[in-house]
Visitor: 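Sharing a structure here in structure tokens format.
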Amino acid sequence: MPPTLDTALLTGWARAATTALERHCAEIDRINVFPVPDGDTGTNLLLTMRAAADAVRRVVRENGAGRGAAAVAAALARGALVGARGNSGVILSQVLRGLAEAVAPAPRPAGAVLADALRRAHRLATAAVSRPKEGTVLSVLAAAASAAADVESDRLDDVAVAAAEAAGKAVQATTGQLPELARAGVVDAGGLGLYLVLDALAALVTGRSGGELPRTPVPVARGREVLVAEREAGSEEHDYEVMYLLDGTDEPRVGELRTRLTAIGDCVAVAGDADGLWNVHVHCSDIGAAIEAGIDAGRPHRITVVRFADQEEQYLPTPPADRFSRERAVLMVVTGAEVAELARSAGAVVLEREPGRSVDESELLAALAGTRARHVVLLPDDAELAPVAESAASVARRDGQEVLVLPTASVLQGLSALAVHDPDRRAGDDVVAMAEAAAGTRTGGLVVAESEALTWVGRCEPGEVLGITDGEVVLIAPDLAVGALWLAHRMLTAGGEIVTVLLGDAADPSLADGLAADLRRTHPEVDVVVHRGGQTDYPLVLGVE
């Protein structure tokens, strides 16, 4: 029976491609001289492929081995996009996106699906790169797609072998297509990595061993071997590699983003998926401008900044002295798209983090630079994040940016501080007012117990609702509606003028409506404000100020 692109084959391909890249990662790194000779193409391809394979494992583990090929291909593409590293990783993510798009339609012969996948991949990858060049991974992908289309067979093994063989020949040709490669006497590193990925599939469907480099040596004037290149460091034109994920945008704004990034840097790659998530990559010297462009286009997150000259450093070096375009800003760390939009509408620059994921110092430093403000008030909105925020602020201050961390312990404290922020007020007075507003806000939340446990107020059963303030369980209620009433009344015992309600991602609006109606009756002196917070950990969060 001829092989087909089913779940088992896609899963096996992900493993085989990862293994091949692991085996030759160091060799690919050594020949990395274009577009920037920073010696990390093999590493970036490997990390991207691992992210794709990990996403498939999660899908299979959560949904069972019977999960359809379309879902597995989609997980490969999504995992690669989210985990893409470097220009080469972004392009690999589009190869896998092409596969996902081709597998999704009605069933077709597997060879036709693969040929369609490579055609789509070439179109997507070329569109993602701002200045496509011959002699790169795009040339290798084009050769593979053309060979696959020319095969007079719908069998998967025939098409896969033709694509891999064409990719191998195209890799050999790259040395004569780019001056940078010819001078170093090497083939294109990204193209070689793509060949290994395609060869892993060909080996899998034919039953031969794979993961080997092309056998034909590359003829070079200096007689050097194909996988030997002088290591160079850094970029002659730009100092940093900036990457981030972007959502909350659309195609026209993404086009404008590409144009802006091309004007401030090079090696621009902006690649997306069908769900509206984009991976943005640029080499530049002005970190703030690259991140600001992302903020104008949508919601950037998972921001990564690497300095070419020293990729081992954990903090950013001194940016140019003229990097500030405004005097003051407030940077707020939040979780959830709704509360992020709420903070932006109140005037903050937002660093949005994913639920359950922490923020490291480099992300905070990149976000601080992205404000392009000389004076920044940083609101971590999480007690555990405060030490990291202080460390990032210390580095930023050494680099000439004045940063003050206002240690807000919750998003409601941050919103309270932001509510009294006045950019026209003297900076010192403004910070005092924000600090007082944050300190005057008491917060609490409701969670649903998942198992039986002993708390400070007694034993809870699965499904019961726990009211939490200051990190301690203070009440156990039979449901969310009752828990919201009890928690609000308890928090108002010490007085209060405003009660702010943040509804969680899955919370019913009636939960807040019932609470507001009760408080208007029992505490007519209190104003109740309700927002959709979008948080996933607490169905409801309360703030009293």
Side-chain angles (χ1 to χ4, degrees), residues 242 244 287-292 294-295 299-305 314-319 323-336 339-354 357-423 425-441 443 535 543:
V242 178
Y244 48 83
I287 301 166
I291 297 172
E292 184 179 48
I295 291 171
R299 291 188 292 270
H301 53 104
R302 294 267 306 260
I303 300 168
T304 303
V305 179
Q314 299 300 309
Y315 59 87
L316 303 181
T318 305
R323 71 191 189 277
F324 301 125
S325 61
R326 55 176 168 166
E327 279 299 307
R328 295 166 61 188
V330 176
L331 173 62
M332 189 167 172
V333 183
V334 303
T335 302
V339 75
E341 193 57 39
L342 187 63
R344 287 191 187 97
S345 65
V349 177
V350 173
L351 174 58
E352 186 178 344
R353 66 177 182 175
E354 296 176 4
R357 180 179 173 273
S358 188
V359 174
D360 61 30
E361 185 179 300
S362 64
E363 289 178 282
L364 284 174
L365 282 165
L368 287 168
T371 67
R372 309 198 76 185
R374 192 178 305 277
H375 308 273
V376 183
V377 176
L378 173 55
L379 307 177
D381 294 349
D382 183 343
E384 294 183 0
L385 186 57
V388 181
E390 289 287 1
S391 180
S394 177
V395 174
R397 285 192 288 268
R398 291 202 302 268
D399 290 341
Q401 188 176 37
E402 295 184 22
V403 181
L404 187 144
V405 179
L406 203 162
T408 48
S410 68
V411 67
L412 286 174
Q413 286 191 341
L415 290 173
S416 296
L418 194 58
V420 300
H421 167 57
D422 183 356
R425 185 164 44 200
R426 196 168 66 88
D429 294 339
D430 190 46
V431 169
V432 170
M434 293 175 69
E436 289 178 345
T441 301
T443 60
Q535 70 275 4

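Numbers here simply count residues along the sequence, with the first being 1.
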Visitor: Decide yes or no for Asp381 and Ser410: does some side-chain heavy atom of the first lie under 4.5 Å from some side-chain heavy atom of the second?
Guide: no
Visitor: How close do Val242 and Ala290 get, counting heavy atoms only, and between which atoms?
Guide: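 Residues Val242 and Ala290, closest heavy atoms: CG1-CB, 4.3 Å.
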Visitor: Is a donor on one side and an acceptor on the other found under 3.5 Å between the side chain of Ser394 and the backbone of Glu390?
Guide: no
Visitor: Write down the atom of Asp422, the atom of Arg328, and the distance for their closest heavy-atom approach.
Guide: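 Here Asp422 and Arg328 meet closest at O-NH2, 3.6 Å.
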Visitor: Walk me through it: do Glu327 and His375 pass the test side-chain contact (heavy atoms from CB on, under 4.5 Å)?
Guide: CA-CA 6 Å; Glu327 279 299 307; His375 308 273; 3.4 Å; yes
Visitor: If every non-hydrogen atom of Leu418 is compared with every non-hydrogen atom of Val330, which pair is closest and at what distance?
Guide: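 That would be CD1-CG1, 4.0 Å.
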Visitor: Between Arg372 and Gly288 (side chain of the first, backbone of the second, donor and acceptor by atom type, cut-off under 3.5 Å), is there such a pair?
Guide: no
Visitor: Could you tell me the separation between the CZ atom of Arg344 and the CD atom of Glu352, rounded to the nearest 0.5 Å?
Guide: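 If I round to the nearest 0.5 Å, the distance is 6.0 Å.
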Visitor: Test Thr335 against Val411 for side-chain contact (heavy atoms from CB on, under 4.5 Å), laying out the working first.
Guide: CA-CA 8 Å; Thr335 302; Val411 67; over 6 Å; no
Visitor: What is the distance from atom CZ of Arg397 to atom CD of Glu402, rounded to the nearest 0.5 Å?
Guide: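 Rounded to the nearest 0.5 Å, the CZ-CD separation comes out at 9.5 Å.
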Visitor: Against Val405, only a single residue in Leu385, Val388, Leu378, Val376 fulfils side chain to side chain contact (heavy atoms under 4.5 Å, CB included); can you say which?
Guide: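 Only one option passes, and that is Leu378.
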Visitor: Go through the steps to decide whether Val420 and Glu436 satisfy the test side-chain contact (heavy atoms from CB on, under 4.5 Å), and finish with yes or no.
Guide: CA-CA 10 Å; Val420 300; Glu436 289 178 345; over 6 Å; no
Visitor: Any non-hydrogen side-chain atom of His421 less than 4.5 Å from a side-chain atom of Asp430?
Guide: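 His421 vs Asp430: side chains touch.
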Visitor: Testing the basics here: between Met332 and Leu415, what is the closest heavy-atom pair and its distance to 0.1 Å?
Guide: CE-N, 3.6 Å
Visitor: Would you sort out whether Leu368 and Leu331 count as a side-chain contact (heavy atoms from CB on, under 4.5 Å), showing the intermediate values?
Guide: CA-CA 7 Å; Leu368 287 168; Leu331 173 62; 3.7 Å; yes
Visitor: With rounding to the nearest 0.5 Å, note down the distance linking CZ in Arg353 to CG in Leu364.
Guide: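 It comes to 9.5 Å.
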Visitor: Which heavy atom of Ile303 sits nearest a heavy atom of Leu351, and at what distance?
Guide: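 Looking at all heavy atoms of both residues, the closest pair is CD1-CD1, 4.2 Å.
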Visitor: List for me each residue that meets side chain to side chain donor-acceptor pair (under 3.5 Å) alongside Thr443, sequence neighbours excluded, and say none if there are none.
Guide: none
Visitor: So which atom in Thr441 and which in Ala437 form the shortest heavy-atom distance, rounded to 0.1 Å?
Guide: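 It is OG1-O, 2.9 Å.
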